[in-house]
There are 2 protein chains.
Amino acid sequence: MNEPVIQLPEPLGSGKRGGRGALSGAATQRVERPAPLREAVHSALIELIINGTLQPGQHLVELELAQYLGVSRQPVREALQRLQTEGWVDLRPAQGAFVHTPTEEEADQLLSVRSVLETHSARLAAGRATEEEVARLWELQREGEAAVETDDAEGMTAANAALHAYITEISRNAVLAEHIALVERRVRWYYRPIARPRGHDAWAEHAELIKAIAAHDADLASTIMNRHTERTRQAYHDQRVSEAE
Amino acid sequence: MNEPVIQLPEPLGSGKRGGRGALSGAATQRVERPAPLREAVHSALIELIINGTLQPGQHLVELELAQYLGVSRQPVREALQRLQTEGWVDLRPAQGAFVHTPTEEEADQLLSVRSVLETHSARLAAGRATEEEVARLWELQREGEAAVETDDAEGMTAANAALHAYITEISRNAVLAEHIALVERRVRWYYRPIARPRGHDAWAEHAELIKAIAAHDADLASTIMNRHTERTRQAYHDQRVSEAE
DNA sequence: CCGCTCCATACTGCATACAGTCTACAACGT
DNA sequence: ACGTTGTAGACTGTATGCAGTATGGAGCGG
């Protein structure tokens, strides 16, 4: 037992910390500080969880992770703290960290919350979008449609994420953006096993949405986004039901 | 310098960890594990931030906090990690933790997000409330009105929080509840300096809201909650403007 | 008088060490 | 055979140690 299930391309923490060269340039203002190891560990663990290397329910032994990532237990522990508050792992006192096991109920709740947040985001975006931003939205829309044409699932997912993220950016509400980002990543994880991007109809809805935003029609944009996200939610629901049979 | 600004009634971590009594009762199922120190540190720090002992922008020196709380730096660091992701402090690489300084913009964004989340919560609650729960809502309503009668600001705030929290509970969406809780605490902190509970009219709105929930009218409950929270937001806004003069 | 360089101090970030608890398994008794 | 108890190993939680960087001020030069 205790065979390391984790596979990692290269050990972390080999990046020669500190001493970033003797170039004491005149850059006294923007001092680019090196990100702490715990950040890298945090990202690496999320990646390992999302791509399924670390399975839900799995016990994460600190020493094991530490050796694998090439660091000590300390940065790992700090990363785990953060992962817990972000909902990726559960920390049980005196037992350690376990990859969070999402229930169907919780997954659906996440979609519900995401729907509400994104709907609000669309409303704000409609009120605040500049012409340049609308132009950029159409650009992303074209990218998405191109992906649909070529039946490029990867591309569809990417373009979809980019579009939604940009709408969030346009809404200029950092707090809202944080909450959306948090929910978004967990959604991607939970539904990864059954994720199949909606194709043509989804992008038709996107086009409607962009029109509403361009017209600064907040109510309409809000309505469309709500319908859009609820449809996605329904699609996931149907899919899960059908696969359960 | 380095005079400790923090005052704490009793040192933490004096609770004789481990060995929770020799009562090895038949409770083999629900093993009540002792919460790690970092939990206590986390709570203590939030309390210190909310009550103003730790001021926005203040540099939190780990060793200082540790000595005050009667623990080592380790649990403090782990608590700080969590506090950062929850938005209470900012961690600057190689510089440490600083109490987050909320901008007016951010504060208003928080109210905006809270409004959206609570509105959704009211909608769900209207669809799911049982008769017992409605009865409990009226009970809380009476408590609030009593506080208004006696002009008990403390009581008003408490009753208000209890009412909103219970509506969240009724909505039976744990993910939503988490996000609301997170936003809620930060709102209380940001607006603490100018917090003055709205009196009679707020509780009139609450009564309307409860009626809508009792009637299972989701749209109406949603509308009322939205108006309610937006009014609170407007009240804060006006107050801040008038105090800026 | 102002700016620069250099240095001492303080603090962070990471690593390691240690104490206590949990788990699993084996030996034992019934 | 089955349940109980004792015990060893593993892992967490906390403390301490150490290297490297940021900060503030003294001393020096302009």
Side-chain angles (χ1 to χ4, degrees), chain A residues 1-4 11-42 58-67 69-82 84 89-98, chain B residues 1-4 11-22 24 26-42 58-67 69-82 84 89-98:
Chain A
M1 52 203 73
N2 264 349
E3 52 189 26
L12 260 178
S14 51
K16 191 71 169 163
R17 324 251 341 132
R20 75 185 154 290
L23 51 104
S24 54
T28 37
Q29 282 193 335
R30 275 272 161 259
V31 192
E32 200 51 53
R33 298 182 206 286
L37 275 185
R38 59 169 183 265
E39 297 294 331
V41 173
H42 175 258
Q58 181 173 343
H59 185 192
L60 300 181
V61 178
E62 296 171 1
L63 188 60
E64 208 172 300
L65 293 177
Q67 289 175 341
L69 299 171
V71 299
S72 76
R73 282 176 56 206
Q74 195 64 13
V76 173
R77 281 183 66 85
E78 290 176 8
L80 287 176
Q81 289 298 318
R82 194 170 150 195
Q84 177 181 42
V89 307
D90 301 313
L91 291 180
R92 294 189 249 170
Q95 294 189 39
F98 297 79
Chain B
M1 43 207 72
N2 262 352
E3 52 189 26
L12 261 177
S14 51
K16 192 71 168 163
R17 323 247 345 127
R20 72 187 155 289
S24 55
T28 36
Q29 282 194 334
R30 275 271 162 258
V31 191
E32 200 53 54
R33 298 181 204 287
L37 275 186
R38 58 166 186 267
E39 297 295 330
V41 173
H42 176 257
Q58 180 173 346
H59 185 193
L60 300 181
V61 178
E62 296 170 0
L63 187 60
E64 206 173 302
L65 293 178
Q67 289 175 341
L69 299 172
V71 299
S72 78
R73 281 176 57 208
Q74 194 64 15
V76 173
R77 281 183 66 84
E78 291 178 8
L80 288 175
Q81 289 298 319
R82 192 169 154 196
Q84 178 182 40
V89 307
D90 300 313
L91 290 179
R92 302 206 280 247
Q95 294 187 41
F98 297 79

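Letters A, B, ... mirror the listed sequences (proteins, then strands); counts begin at 1.
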Mind calculating the distance between CD (Gln74(A)) and P (dC18(C)) to the nearest angstrom?
-> 16 Å

Integer-rounded Å distance: dC11(D) C1' and Gln95(A) CD | 11 Å

Arg73(A) CZ to dA10(D) C1': how many Å, rounded?
-> 11 Å

Calculate the interatomic distance between Leu63(A) atom CG and dG9(D) atom P; express it in whole Å.
-> 17 Å

Closest approach of Gln95(B) to His59(B) (non-hydrogen atoms, all atoms of both residues) = O-NE2, 3.0 Å

Distance check: side-chain N/O of His59(A) vs OP1/OP2 of dT12(D), anything under 4.0 Å?
-> yes

Kindly point out which of dA15(D), dT16(C), dA22(D) is positioned nearest to the side chain of Ser72(B)?
-> dA15(D)

When rounded to whole Å, the CG to P distance for the pair Leu69(A) and dC14(C) reads 13 Å

Separation of dC18(D) atom P from Glu62(B) atom CD, nearest Å, is 18 Å

Choosing from dA15(C), dT12(D), dA15(D), which nucleotide comes nearest the side chain of Val71(A)?
-> dA15(C)

Gln58(B) CD to dC11(C) P, straight-line distance once rounded to whole Å = 13 Å

Using a heavy-atom cut-off of under 4.0 Å over every strand shown, decide if Leu60(A) touches base, sugar-phosphate, or nothing.
-> sugar-phosphate

Side-chain heavy atoms of Leu91(B) within contact of Arg38(A), under 4.5 Å | yes

Does the side chain of Phe98(A) come within less than 4.5 Å of Arg92(A)'s, by heavy atoms?
-> yes

Residues 73-81 of chain B side chain polar contacts: donor-acceptor under 3.5 Å, at least two apart:
{"from": "Arg73(B)", "atom 1": "NE", "to": "Glu62(B)", "atom 2": "OE1", "distance (Å)": "3.0"}
{"from": "Arg73(B)", "atom 1": "NH2", "to": "Glu62(B)", "atom 2": "OE1", "distance (Å)": "2.9"}
{"from": "Gln74(B)", "atom 1": "OE1", "to": "Gln74(A)", "atom 2": "NE2", "distance (Å)": "2.7"}
{"from": "Gln74(B)", "atom 1": "NE2", "to": "Gln74(A)", "atom 2": "OE1", "distance (Å)": "2.7"}
{"from": "Arg77(B)", "atom 1": "NE", "to": "Glu78(A)", "atom 2": "OE2", "distance (Å)": "2.7"}
{"from": "Arg77(B)", "atom 1": "NH1", "to": "Glu62(B)", "atom 2": "OE2", "distance (Å)": "2.9"}
{"from": "Arg77(B)", "atom 1": "NH2", "to": "Glu78(A)", "atom 2": "OE1", "distance (Å)": "3.3"}
{"from": "Arg77(B)", "atom 1": "NH2", "to": "Glu78(A)", "atom 2": "OE2", "distance (Å)": "3.1"}
{"from": "Glu78(B)", "atom 1": "OE1", "to": "Arg77(A)", "atom 2": "NH2", "distance (Å)": "3.2"}
{"from": "Glu78(B)", "atom 1": "OE2", "to": "Arg77(A)", "atom 2": "NE", "distance (Å)": "2.7"}
{"from": "Glu78(B)", "atom 1": "OE2", "to": "Arg77(A)", "atom 2": "NH2", "distance (Å)": "3.2"}

Rounded to whole Å, the CD-C1' distance (Glu64(A) to dT12(D)) equals 14 Å

Could you check which of dT12(D), dG13(C), dA15(D) has an atom nearest any side-chain atom of Arg77(B)?
-> dG13(C)

